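Data block below; observations after.
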Amino acid sequence: MTTKTRFAPSPTGYLHVGGARTALFSWLHVRKHGGKFVLRIEDTDLERSTAESVNAILEGITWLGLEYDEGPFYQTQRFDRYNKVIQELIDQDLAYYCDCPKERLESLREQQMQRKEKPRYDGHCRARQIDPEKPHVVRFRNPLEGGVVVDDLVRGRVIFRNEELDDLVIRRTDGSPTYNLTVVVDDSDMEITHVIRGDDHLNNTPRQINILQALGKTPPRYAHVPMILGDDGSRLSKRHGALSVMEYRKQGILPEALLNYLVRLGWSHGDQEIFSLDEMIELFDIEEVNRAASTFNNDKLLWLNQHYIKHDDPARIAHLLSPHLGDLDIDPASGPNLVDVVIAQQERARTLVEMAEISAFFYKDFDAYDEKAARKHLRPVARDVLERVRHVLAEMTVWTPESLHQAVVDIAESLELKLGKVAQPLRVAIAGRAASPGIDVTLHLVGQQACLRRIDKALNYIAQRATEN
RNA sequence: GCUCCCUUCGUCUAGUGGUUAGGACACCGGCCUCUCACGCCGGUAACAGGGGUUCGAGUCCCCUAGGGAGCGCCA
């Protein structure tokens with residue numbers, strides 16, 4: 001039987017990192033075993049499901065590159081099928097009508113809570129005859145005795161007693177099927193062999209297995225992966241900055257960095273930290289996933305992102321960087337070759353947003369100096385240095401990093417100054433801040449005209465500052 | 001409350017009865033150096049607690065504590 005997994009989000013929000021990791025694990029499992037990855041949209045909650053969410057989820061998994069082989073299937077388009085199955089269950093007396101009013105259910109629940117019991121349906125309508133023409137729900141007739149064994153690929157063997165379960169609603173009064181029924185029908189119809197999902201579903205699993213067995217189907221293998229927690233130990237949510245996957249893109253995170261981060265959350269392969277997609281596929285094993293929840297750590301994501309920025313092809317980084325420069329109103333075509341800029345900055349940025357920020361000065365004159373840098377380096381003592389530099393640079397006919405390096409070294413020597421005494425004021429004059437790539441590369445990329453213009457500006461600044469004091 | 005699950009440095013983790021408990025991020029030193037960063041070297045830091053089993057326990061068993069999830073006509 002070919003391996004088949006599915007990712008089955010409900011479109012009620014963005015694709016979060018938790019969902020992304022579950023999708024990644026499913027995807028890796030199926031790629032490793034050469035099967036099919038199914039995308040299914042669980043949109044039976046008409047109230048909360050939105051088309052925007054569907055788009056956001058599709059956008060997210062596409063950006064991550066978790067391409068699916070089948071789907072997306074929409075559960076709302078399969079109501080006929082669900083109803084057919086429900087009817088089968090009713091016909092075989094494996095399900096029954098229930099007309100218990102909500103008030104009865106609520107008071108039942110209250111009483112049970114007061115008695116410190118687990119609240120559940122008491123089977124009131126199990127043996128009653130209810131007119132199908134009147135409003136009703138359909139409940140699954142859960143076995144009363146025995147138990148259900150879940151041989152979970154990550155949790156191990158978990159046993160549930162049927163007496164802990166109750167007769168769950170499988171069709172609402174409005175005629176729509178509920179989650180536990182639709183999942184079971186779909187997983188069965190779509191021949192899903194491995195259900196890989198968040199462990200918040202572990203408690204649903206025995207119910208689903210019971211329905212499956214009532215239908216005479218063989219349950220798939222299950223793998224319940226632990227949740228991702230926020231840094232306060234509670235489930236990751238928006239208030240932790242639990243960003244949708246697309247938010248990470250906005251922040252300048254590379255998809256391979258996020259994937260690499262996510263795969264190492266709850267799984268490892270010895271001491272290895274860096275995994276290419278191919279390595280993940282080769283080495284990942286769902287049965288090696290940890291059982292404990294883990295906490296999302298942004299610093300480590302940033303470290304991985306920097307690693308990928310550093311090691312990826314500069315042309316590709318340039319391509320991805322471009323829109324972030326656009327966000328700063330910079331047209332990369334208006335200045336030095338973006339690939340050269342990337343090469344110069346590759347080891348200096350943890351995100352593409354950062355890279356855009358520290359590279360802006362290559363493309364346009366900055367508005368203001370970094371205050372601290374200007375105070376320290378654009379002082380009267382720097383005036384002679386900058387005047388000398390301006391003179392030399394203005395005379396240059398060969399504008400290369402090599403010639404510029406030589407020029408700066410020569411100036412330092414002739415003034416009997418350390419290189420830093422020349423490079424730092426110059427750097428602040430050119431970049432507006434105390435940090436930049438090597439001074440030769442910086443000058444080269446900024447270009448002769450802009451360099452001279454900015455040195456003049458710095459000299460003015462120094463002069464003005466002298467009068468202020 | 002009931003049921004299920006979980007528990008090694010701050011964080012992610014290695015570890016499958018005998019280890020100076022290893023690695024990574026972060027942090028702190030140092031080196032490199034025109035700045036920043038990269039890189040390199042070094043350091044601080046953990047087996048939740050208590051009982052067993054065993055010659056020997058992070059590893060096996062039990063209890064306690066703490067955390068998470070589920071208990072919907074949500075998914």
Side-chain angles (χ1 to χ4, degrees), chain A residues 8-12 42-45 47-49 75 98 100 102 105-106 109 112-121 135-139 150 152 155-156 158-161 163-166 168-180 182-183 198-206 224 226-227 229 231 233-235 261 264-274 290-304 306 310 345-350 358 373 377 405 408-409 412 418-424 426-428 431 433-440 442:
Chain A
S10 59
T12 55
E42 309 215 323
D43 54 353
T44 53
D45 184 352
E47 305 262 310
R48 296 194 300 154
S49 300
Q75 291 191 321
C98 166
C100 290
K102 283 194 177 169
L105 266 18
E106 272 164 29
R109 186 188 149 78
Q112 286 165 330
M113 290 291 267
Q114 267 175 14
R115 275 184 262 130
K116 301 189 173 179
E117 287 171 15
K118 186 177 184 171
R120 52 216 213 268
Y121 184 62
H136 64 272
V137 300
V138 177
R139 286 183 186 273
V150 181
D152 194 278
R155 297 342 258 238
V158 185
I159 298 167
F160 296 85
R161 282 167 300 152
E163 59 190 70
E164 293 295 335
L165 275 23
D166 65 356
L168 69 158
V169 172
I170 56 175
R171 188 170 70 198
R172 304 183 183 93
T173 309
D174 68 4
S176 62
T178 62
Y179 166 75
N180 281 110
T182 58
V183 174
D199 73 2
D200 46 338
H201 288 292
L202 184 56
N203 287 293
N204 283 324
T205 307
H224 287 93
M227 319 240 68
L229 272 23
D231 47 21
S234 70
R235 189 176 169 167
Y261 179 72
R264 278 287 287 103
L265 215 48
W267 176 80
S268 64
H269 182 72
D271 288 341
Q272 188 170 344
E273 296 289 348
I274 306 296
N290 283 164
R291 291 197 259 267
S294 41
T295 305
F296 196 89
N297 182 226
N298 215 53
D299 279 334
K300 188 148 184 181
L301 205 213
L302 255 18
W303 173 75
L304 279 163
Q306 181 169 44
K310 232 161 33 185
Q345 300 282 216
Q346 235 167 344
E347 291 180 341
R348 281 166 245 272
R350 296 196 299 175
I358 62 174
H377 297 292
H405 179 78
V408 175
V409 168
K418 284 187 171 182
L419 192 54
K421 293 290 180 192
V422 176
Q424 277 311 89
L426 183 54
R427 172 171 282 116
V428 177
R433 52 171 62 183
S436 85
I439 194 65
D440 44 3
T442 298

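The figures here come from the full heavy-atom set of this structure, side chains too, leaving out hydrogens, waters and symmetry mates. Nothing here was measured: the structure is a model prediction, and the numbers come from that model. Chain identifiers are assigned alphabetically (A, B, ...) following the order of the sequence lines, protein sequences preceding nucleic acid strands; residue numbering begins at 1 within each chain.
No engagement by A/Gly198 is indicated, since no non-hydrogen atom pair under 4.0 Å with the nucleic acid exists. A/Glu42 comes within 4.0 angstrom of sugar-phosphate atoms only, judged by non-hydrogen atoms across all strands, and of no base. Residue A/Thr44 is classed as a sugar-phosphate contact, given heavy-atom separations below 4.0 Å to backbone atoms only. Contact annotation for A/Gln272: no contact, since no heavy-atom pair falls under 4.0 Å across all strands. Among the atoms of the strands shown, base atoms are found under 4.0 Å from some heavy atom of A/His201.
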N/O to N/O distances under 3.5 Å, protein versus nucleotides 14-16 of chain B:
| residue | atom | partner | partner atom | Å |
| --- | --- | --- | --- | --- |
| B/A14 | OP1 | A/Ser268 | OG | 3.3 |

Polar atoms only, N or O, under 3.5 Å: list the protein pairs with nucleotides 4-10 of chain B and their distances.
| residue | atom | partner | partner atom | Å |
| --- | --- | --- | --- | --- |
| B/C5 | O2' | A/Arg155 | NH2 | 2.4 |
| B/C6 | OP1 | A/Arg291 | NE | 3.2 |

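Of all nucleotides present, only B/G10 satisfies the Watson-Crick or G-U wobble test against B/C25, with each distance under 3.5 Å. A 3.5 Å limit on both hydrogen-bonding distances identifies B/G1 as the Watson-Crick or G-U partner of B/C71. Using N1 to N3 plus N6-O4 or O6-N4 for Watson-Crick, or N1-O2 and O6-N3 for G-U wobble, each under 3.5 Å, B/C36 pairs with nothing. Applying the Watson-Crick and G-U wobble criteria (two distances, each under 3.5 Å), B/C60 pairs with B/G52. Figure legend. B/A45 is base-paired to no nucleotide; pairs are counted as Watson-Crick or G-U wobble with both atom distances under 3.5 Å.
Closest to the side chain of A/Glu164, out of B/G70, B/U35, B/C2, is B/C2.
In terms of polar N and O atoms assigned as donor or acceptor, the side chain of A/Ser436 never comes within less than 3.5 Å of the base of B/C36 in a complementary pairing.
When the side-chain nitrogen and oxygen atoms of A/Lys418 are compared with OP1 and OP2 of B/U33, none of them lie within a distance under 4.0 Å. An OP1 or OP2 oxygen of B/C38 is reached within less than 4.0 angstrom by a side-chain nitrogen or oxygen of A/Gln306. OP1 or OP2 of B/G72 has at least one side-chain nitrogen or oxygen of A/Arg109 nearer than 4.0 Å. An OP1 or OP2 oxygen of B/G72 is reached within less than 4.0 angstrom by no side-chain nitrogen or oxygen of A/Thr178. Regarding contacts with the backbone of B/C12, a side-chain N or O of A/Thr295 is found under 4.0 angstrom from either OP1 or OP2.
At a threshold of 4.0 Å, the pair A/Glu164-A/Arg161 counts as salt-bridged, since one of the basic side-chain nitrogens sits closer than that to a carboxylate oxygen.
Comparing A/Pro437 and A/Ala8, the nucleotide of RNA chain B nearest to each residue sits closer to the 5' end for A/Pro437.
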